[in-house]
Student: 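First the structure, then my questions, so here it is.
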Amino acid sequence: MEELTFTVPDGAEPRADAFLTAALEGFTRSAVQRLMEAGLVTRSGQPVKKNARLSPGDRLTVELPDPEPIDAKPQNIPLDVVYEDEDVIVVNKPVGMVVHPAAGHPDGTLVNALLYHCGGSLSGVNGRLRPGIVHRIDRDTSGLIIAAKNDAAHLALAEQLQDHTLARTYETIVVGGLREDSGTVDAPIARHPTDRKRMAVVAGGRRAVTHWQVLARYPGYTRLECRLETGRTHQIRVHMAYLGHPVLGDTVYGSKKPYPGLAGQCLHAKKLVFRHPRTGEQVEVACPLPEYFVNVAEKLEGKR
């Protein structure tokens with residue numbers, strides 16, 4: 001069992017489970033709550049309930065239990081591996097692949113493929129259905145996702161997510177023309193107040209920051225590079241819709257009508273930069289734009 005300690009800073013989320021979910025960004029909120037229910041989160045030696053209120057200066061101790069047996073089954077699904085060593089693996093995920101098993105997607109996921117490829121050597125920090133998963137990208141978003149092969153690597157990468165040193169860069173095409181050539185969206189994100197399947201910019205939500213820069217302009221559309229400072233669910237999609245320029249093909253936050261030639265939203269995670277969890281050296285991994293993205297861009301440029 002591993003023990004971690006966190007000190008609550010000024011301006012932090014005051015609810016205990018929300019604070020720890022942000023501090024341990026590689027963990028889901030439900031995983032954090034399970035730790036609390038098991039009495040593995042304490043303050044001054046006393047167990048902390050999930051809805052406990054925290055104050056600046058409070059010190060929380062988190063005990064991480066040994067990994068649980070894995071429920072997800074290995075499946076021989078081809079992977080586009082762009083980087084791999086004994087601690088981490090980075091995969092270029094195609095559009096349509098779900099990251100981990102969930103209701104409606106019991107198999108055929110990235111986790112099933114990783115279990116087969118890695119021979120079961122994946123971290124167990126995030127439970128039996130999400131082994132190795134440090135961060136996620138949406139089913140209909142393509143691109144790079146990093147997974148951890150052991151718990152030490154997982155915790156090191158989760159810390160980098162929390163302190164924003166694990167840099168994630170995306171490319172996207174959005175609807176409409178932005179006036180400026182670059183900008184930053186700093187707007188908190190939480191569950192939509194009436195539609196629980198969607199996220200939204202909500203006062204009191206978790207801080208979310210997206211930096212964007214124009215790469216190209218097309219009639220009625222703009223191609224952007226987006227760099228995540230934080231990593232909230234659907235962050236780029238929500239922030240672009242908040243600006244009035246939803247991601248092309250996003251039928252949740254934009255037009256309900258799919259865009260011809262797109263199976264999902266036109267959003268690709270093209271680059272990851274992180275400190276190697278064992279050596280501390282900087283690792284930079286990139287992948288090319290997928291065919292669907294290139295086809296859409298060429299169509300908008302008038303080349304098709």
Student: Would you mind reporting whether H239 and W212 have side-chain heavy atoms less than 4.5 Å apart?
Tutor: no
Student: According to side-chain hydrogen bond (donor to acceptor under 3.5 Å, both in side chains), who are the partners of Y83, at least two apart in sequence or on a separate chain?
Tutor: D85
Student: Considering only residues two or more places apart or on different chains, which pairs with a residue in residues 4-16 satisfy salt bridge (Lys or Arg N to Asp or Glu O under 4.0 Å)?
Tutor: R15-D17
Student: Roughly how far, to the nearest 0.5 Å, is the SG atom of C266 from the CG atom of L248?
Tutor: 5.5 Å
Student: N51: what forms a side-chain hydrogen bond (donor to acceptor under 3.5 Å, both in side chains) with it, not counting sequence neighbours?
Tutor: none
Student: Could you check whether any side-chain heavy atom of L60 comes within less than 4.5 Å of a side-chain heavy atom of T42, counting everything from C-beta outward?
Tutor: no
Student: Is there a side-chain contact between V90 and L272 in this structure, where contact means two heavy atoms from C-beta onward sitting under 4.5 Å apart?
Tutor: yes
Student: Would you list the pairs meeting salt bridge (Lys or Arg N to Asp or Glu O under 4.0 Å) in which at least one residue belongs to residues 215-224, sequence neighbours left out?
Tutor: E171-R223, D181-R217
Student: How would you list all residue pairs meeting salt bridge (Lys or Arg N to Asp or Glu O under 4.0 Å) that involve residues 38-58, not counting sequence neighbours?
Tutor: R43-D58
Student: How far apart are the C-alpha atoms of E225 and T169, what are their side-chain angles, what is the distance that settles it, and do they pass the side chain to side chain donor-acceptor pair (under 3.5 Å) test?
Tutor: CA-CA 7 Å; E225 180 178 274; T169 303; 5.5 Å; no
Student: Locate the shortest heavy-atom distance separating N92 from G143; write the atom from each residue and the value.
Tutor: OD1-CA, 3.3 Å
Student: Whether the side chain of D250 engages the backbone of V247 through a donor-acceptor N/O pair (distance < 3.5 Å, no angle test) should be reported.
Tutor: no
Student: Show the nearest heavy-atom pair for residues P188 and A203, with the distance to one decimal.
Tutor: CG-CA, 4.4 Å
Student: side-chain hydrogen bond (donor to acceptor under 3.5 Å, both in side chains) with R59: which residues, sequence neighbours excluded?
Tutor: T7
Student: With the 4.5 Å side-chain cut-off for hydrophobic clustering, are V91 and V98 part of the same group?
Tutor: no
Student: If you group Ile, Leu, Val, Met, Phe, Trp and Tyr by side-chain heavy-atom gaps below 4.5 Å, do I133 and V81 land in one group?
Tutor: yes
Student: By side-chain contact (heavy atoms from CB on, under 4.5 Å), which residues pair with S182, not counting sequence neighbours?
Tutor: Q213
Student: For H245, give me all partners under side-chain contact (heavy atoms from CB on, under 4.5 Å), at least two apart in sequence or on another chain.
Tutor: V174, L178, L243
Student: Would you give the length of the straight line joining atom CE of M240 to atom CG of L224, rounded to the nearest 0.5 angstrom?
Tutor: 6.0 Å
Student: Answer yes or no: is there a donor N or O on one side and an acceptor on the other, between the side chain of H211 and the main chain of L228, under 3.5 Å?
Tutor: no
Student: Report yes if the side chains of L267 and F293 come closer than 4.5 Å at any heavy-atom pair, otherwise no.
Tutor: no
Student: Locate the shortest heavy-atom distance separating A148 from L157; write the atom from each residue and the value.
Tutor: CB-CD1, 4.4 Å
Student: With sequence neighbours excluded, tell me which residues meet salt bridge (charged side-chain N to carboxylate O under 4.0 Å, His left out) with D80.
Tutor: none
Student: Assess whether a salt bridge exists between K73 and D107, defined as any Lys/Arg side-chain N lying under 4.0 Å from an Asp/Glu carboxylate O.
Tutor: no
Student: To the nearest 0.5 Å, tell me how far L4 CG sits from L40 CG.
Tutor: 11.5 Å
Student: Would you name the heavy atoms of A158 and V134 that are closest together and state the gap between them?
Tutor: N-CG1, 4.1 Å
Student: Side chains of Q282 and H276: any donor to acceptor distance under 3.5 Å?
Tutor: no
Student: Tell me if the NZ atom of K257 is crowded by more than 12 foreign heavy atoms within 6.0 Å.
Tutor: no
Student: When you check the side-chain N and O atoms of T210 and E229, is any donor under 3.5 Å from an acceptor?
Tutor: no
Student: What distance do L166 atom CG and I146 atom CD1 have between them, rounded to the nearest 0.5 Å?
Tutor: 6.0 Å
Student: Does A156 have any side-chain contact (heavy atoms from CB on, under 4.5 Å) partners at least two apart in sequence or in another chain, and if so, which?
Tutor: P277
Student: Look at the side chain of T279 and the backbone N and O of E281, then say whether any donor-acceptor pair between them is shorter than 3.5 Å.
Tutor: yes
Student: Using modelled atom types only, decide if a donor and an acceptor are shared between the side chain of E301 and the backbone of E298 within a distance under 3.5 Å.
Tutor: no
Student: Side chains of D186 and T184 only: does a donor on one sit below 3.5 Å from an acceptor on the other?
Tutor: no
Student: Measure across M199 and T233 and return the closest heavy-atom pair with its distance rounded to 0.1 Å.
Tutor: CG-O, 3.6 Å
Student: Would you check if Y242 and Y253 make a side-chain contact, meaning some heavy-atom pair closer than 4.5 Å?
Tutor: no
Student: Hey, could you give me the SG/NZ distance between C118 and K149, rounded to the nearest 0.5 Å?
Tutor: 4.5 Å
Student: Between N150 (side chain only) and A153 (backbone N and O only), is there a donor and an acceptor less than 3.5 Å apart?
Tutor: yes
Student: Quiz question: by atom type and distance under 3.5 Å, do the side chains of T165 and R275 form a donor-acceptor pair?
Tutor: yes
Student: Any chance you could measure L110, atom CG, to I77, atom CD1, to the nearest 0.5 Å?
Tutor: 8.5 Å
Student: When you look at OH of Y116, are more than 12 heavy atoms from neighbouring residues, nucleotides or ligands closer to it than 6.0 Å?
Tutor: no
Student: Hey, are the side chains of I89 and H117 touching, using non-hydrogen atoms and a 4.5 Å cut-off?
Tutor: yes
Student: Excluding sequence neighbours, so at least two apart, what forms ring-ring contact (aromatic ring centres under 6.0 Å, His included) with Y259?
Tutor: none
Student: With no hydrogens and no angle check, is any side-chain donor or acceptor of T222 less than 3.5 Å from a backbone partner on G176?
Tutor: yes
Student: Is there a side-chain contact between S142 and P290 in this structure, where contact means two heavy atoms from C-beta onward sitting under 4.5 Å apart?
Tutor: yes
Student: Evaluate the side-chain proximity of L122 to L114: yes if any heavy-atom separation is below 4.5 Å, no if none is.
Tutor: yes
Student: Taking the ring of H268 and the ring of Y170, is the distance between their centroids below 6.0 Å?
Tutor: no
Student: Between V201 and A187, what is the shortest heavy-atom contact and its length?
Tutor: CG1-CB, 3.8 Å
Student: Taking side-chain contact (heavy atoms from CB on, under 4.5 Å) as the definition, give me every residue that meets it alongside D140, ordered by chain and number, with sequence neighbours left out.
Tutor: V95, Q265
Student: Do any N or O atoms from the side chain of K93 and from the backbone of R139 form a donor-acceptor pair under 3.5 angstrom?
Tutor: yes
